[in-house]
Amino acid sequence: MSRQRAKPVDELTPRLAKLEHKRLSEEVAEHDKRYHAEDAPSISDAEYDALKRRLLEIETKFPELSDPLGVSSRVGAAPSVGFSKVRHVKPMLSLDNAFSEGEVADFVGRIRRFLNLPEDAALAFLAEPKIDGLSASLRYEQGVLVRAATRGDGQEGEDITANIKTLKHGVPHQLKGSGWPDVLEVRGEVYMERGDFLAFRERQEELAREREAKGLSAAGIRIPVNPRNAAAGSLRQLNPDITAQRPLRFFGYYWGDVSAPLADTMTGARHKLESWGFTLNPHTLLCHSVADLMAYYADIAARRASLAFDIDGVVYKVNRLDWQERLGFVSRSPRWAIAHKFPAEQAQTLLEDIDIQVGRTGTLTPVAKLKPVNVGGVLVSNATLHNEDEIARKDVRVGDTVIVQRAGDVIPQIVGVVLEHRPKHALPFEFPTRCPVCGAPAEREVDEAGEADARRRCTGGVSCAAQATEGLRHFVSRQAFDIEGLGEKQIAAFYEWGWLKQPADIFKLQRHADALMKKEGYGELSVGNLLRAIEQRRSIGFDRFIYALGIRHVGQERARLVAMHYGAPDAWLAAMDAAKANEAAAQNEAWGDLNSIDRMGEVVAKAIVGFCTRAQSRAVIDNLLTEITVEPVEKPSQDSAVAGKTVVFTGSLEKFTRDEAKARALALGAKVAGSVSKKTDFLVAGPGAGSKLAEAHKHGVKVLTEDEWLALIEG
Ligand code: IVH
């Protein structure tokens, strides 16, 4: 490299210094652009740092060359670490899946029961293709596009306004026509048409070839595997000029926060959205029965290959919006819609090996290492084999030819073995009984009925390197602490160097900054970015905090419910200690309180109490709490008259079904209990109420009729 042979700065003449300064400035500017804007650096951080150091040295010796706006002055300036976050006013949900006519019929049946509709009452669904892209939410205020966000974890996404504004199809910057509400959030899918994708991929391949021909690294040039992947990469560009060159489009299919209702039905809302300038999917149909839905599904499946865009199924939505409102949501999906997915795609290939991976909770998962095979447009080289029993049941052996299947985003699976291709000497697979990472015994838990759990678990706990690093990966993942720059590779390295054993250590990494900068592949820039990303997360929502701990059975939804219930870590931990104090009875007040949380079963409650009170994991929590600030979570509908109250429903309700009553109460922030105690605030009693009514009188609980309850919640 010419720089290594360069003269010491002391020996440079002013003329030579000026020439080199110019050349270096241009070079650094180019790398800055590659790194920040194109997400495609072509040199290592160390090389980049060397360039900048030389530039600064020259400027120190020849101060007349330094330029306050020049590249050298950007040293240490905070580079963008990504997109800023946007909290969704209304969460962005996902959809439940159906794969068969039976599941579609169940979906329709559930809706009829929930709404208490007789068999013959009309119930219409709007059916439309399910686009395989990325969902986005576009916010308009007074008709002007003010913000666009990705879905993120559903509660919080990334601000992609500048990128969305570059789309040439389907996104009006100013709404057309009239009658739009002051606030309108349109939700839909950003995608790339198949033809555009193929042309784009070709351009990228060409670019990579050109670079290689020049002897440059092409590692930064991404070759997308499918249109969805291409759309994702294009939308996540930090430089909107790059997004602008990508052929992205947008189909609207729903809405979020709106200041006034759009219409009475999906079909009505669609017309409105179209009149305001949005592109909606034209291949839709209003269906009136399961048979109609199935016919639509078959029709779209037959036309799938001739559509301009990739789809992975169809979506059915209840057409009446007042019914959608009543049906509401379960967890993260609406009750009023479902995705009817196309069947998985399959291919055959050779099973080269079976790897055992150890997860965050110690589960040993067998992973099939496959000879790479194209399954429905995606190259697959790994597939899950689930567990020991599954391997035995399918008698999968190394050397077998296997059938691989993938459906949408689901991890590819092994469906079965092609026995006629089995090599003579293939042996049945022997599942290890020790953890392949730490050597601790791996055991299968046996439940009270004597049934062995399908999963074998490493008993090493956080002293097993795999469990510890997997736990840390979960901790920094997008839905948890979301720390950019701290990925699998970095965690493994920091763990090995002894800097990072548990979550609290992340917040002490700045102590190792100097040592880290000296490591291969790290530089001032990347270390600075990482430390900044960590500092930004020193304050975190209570729900994310709980989720990040990686407690068994506690996903995002349960973490949120627990966080809302207890409000803050102190109260939560005190309650868990109190519950533990009388575990044998499992029915003290603290247990009862924990169990009153929606979707909380005994197994889950025990896992949470166990995690909070076991010395090893409690130390993890306590250490972490000395490093960070936990923000309380917002409770839903604090302003509703029943928020925080405990309500019991009894008797035969006439105005709504039991499910609906319960769902509405929960949505308003109330707790719904199954039995009356002195902690109950209201008993809503329909005709025929019996023992619960007597209990209520005994405890002095307020008893309401259905109408009184409605008056209370509708206030
Ligand atoms: S309706 C309340 N309609 O599929 C959610 N979603 O797997 C309303 N999607 O998150 C969503 N095409 O990103 C709807 N025609 C369509 C869709 C669609 C694709 C996506 C959407 C959703 C995901 C769920």
Side-chain angles (χ1 to χ4, degrees), residues 88-99 103 107 111 125-138 148-158 160 164 170 185-193 226-229 231-232 235 248-258 262 265-267 269-270 273-274 278-287 293 296-297 300-301 303-304 307-321 323-342 344 407-410 479 556-557 663 667:
H88 299 302
V89 179
K90 289 252 166 102
M92 284 181 81
L93 301 143
S94 53
L95 295 171
D96 247 358
N97 293 329
F99 285 96
E103 286 171 4
F107 162 71
I111 290 176
F125 292 90
L126 182 75
E128 55 182 281
K130 183 171 185 303
I131 313 297
D132 205 3
L134 295 111
S135 42
S137 184
L138 317 181
T150 61
R151 181 165 111 162
D153 64 4
Q155 308 285 335
E156 194 183 74
E158 288 181 324
I160 49 161
I164 280 290
E185 271 180 19
V186 173
R187 296 200 168 154
E189 207 81 352
V190 176
Y191 68 101
M192 208 180 263
E193 285 195 351
N226 55 33
R228 180 180 195 283
N229 183 246
L235 204 56
L248 295 176
R249 296 165 193 262
F250 179 82
F251 268 138
Y253 52 61
Y254 206 67
W255 53 91
D257 190 23
V258 283
L262 301 191
T265 57
M266 280 304 304
T267 30
R270 274 181 64 89
L273 290 173
E274 276 177 329
F278 294 97
T279 309
L280 272 63
N281 200 305
H283 309 274
T284 64
L285 187 72
L286 199 61
C287 298
L293 294 173
Y296 172 80
Y297 175 83
I300 293 289
R303 290 195 286 140
R304 184 177 181 186
L307 296 177
F309 40 82
D310 272 3
I311 61 174
D312 55 350
V314 294
V315 182
Y316 308 139
K317 303 174 198 174
V318 167
N319 196 36
R320 268 179 63 166
L321 299 181
W323 283 355
Q324 286 192 4
E325 179 83 24
R326 280 177 61 191
L327 285 156
F329 305 89
V330 215
S331 180
R332 296 188 168 257
S333 326
R335 275 196 198 81
W336 46 263
I338 202 157
H340 188 178
K341 297 290 239 354
F342 291 136
D409 297 337
V410 186
Q479 289 83 1
Q556 276 176 281
E557 182 63 14

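Everything quoted here is computed from the prediction, not taken from an experiment. We count ligands from 1, going down the list as the structure has it; atoms in each ligand are counted the same way.
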Closest heavy-atom pair and its distance - [X], [Y]:
X: Arg228; Y: Leu134; value: O-CD1, 4.1 Å
X: Asp96; Y: Ile338; value: O-CG1, 3.3 Å
X: Tyr253; Y: Ser135; value: OH-CB, 3.4 Å

(message) How about CD on Glu103, more than 12 heavy atoms from neighbouring residues, nucleotides or ligands closer than 6.0 Å, or not?
(response) yes

Is ligand 1 under 4.0 Å from a heavy atom in the side chain of [X], in the backbone, in both, or in neither?
X: Lys130; answer: both
X: Val315; answer: side chain
X: Pro129; answer: backbone

Provide, to 0.1 Å, the distance between [atom] and the closest protein heavy atom, together with that atom's residue and name.
atom: atom 2 (C) of ligand 1; result: Pro334 CG, 3.7 Å
atom: atom 20 (C) of ligand 1; result: Glu189 OE1, 3.5 Å
atom: atom 19 (C) of ligand 1; result: Ile131 O, 3.3 Å
atom: atom 10 (O) of ligand 1; result: Arg151 NH1, 3.0 Å
atom: atom 22 (C) of ligand 1; result: Tyr253 OH, 4.1 Å

Could you check whether [X] pairs with [Y] (Lys NZ or Arg NE/NH1/NH2 to Asp/Glu carboxylate O, under 4.0 Å)?
X: Glu185; Y: Lys90; result: no
X: Asp312; Y: Lys130; result: yes
X: Glu128; Y: Lys317; result: yes

(message) Testing Ser94, Pro91, Ser137 one by one against Arg151 for a side-chain contact (heavy atoms from CB on, under 4.5 Å), which residue passes?
(response) Ser94

(message) Looking at ligand 1, would Lys317 count as a contact under a 4.0 Å heavy-atom criterion?
(response) yes

(message) Closer than 4.0 Å to some heavy atom of Ser135 - which atoms of ligand 1 meet that?
(response) 13 (O)

(request) Ignoring hydrogens, just give me the one of Asn281, Asn97, Asp132, Leu95 whose non-hydrogen atom is nearest atom 5 (C) of ligand 1. (result) Leu95

(message) Pairs of nitrogen or oxygen atoms closer than 3.5 Å, one from Trp336 and one from ligand 1: do any exist?
(response) no

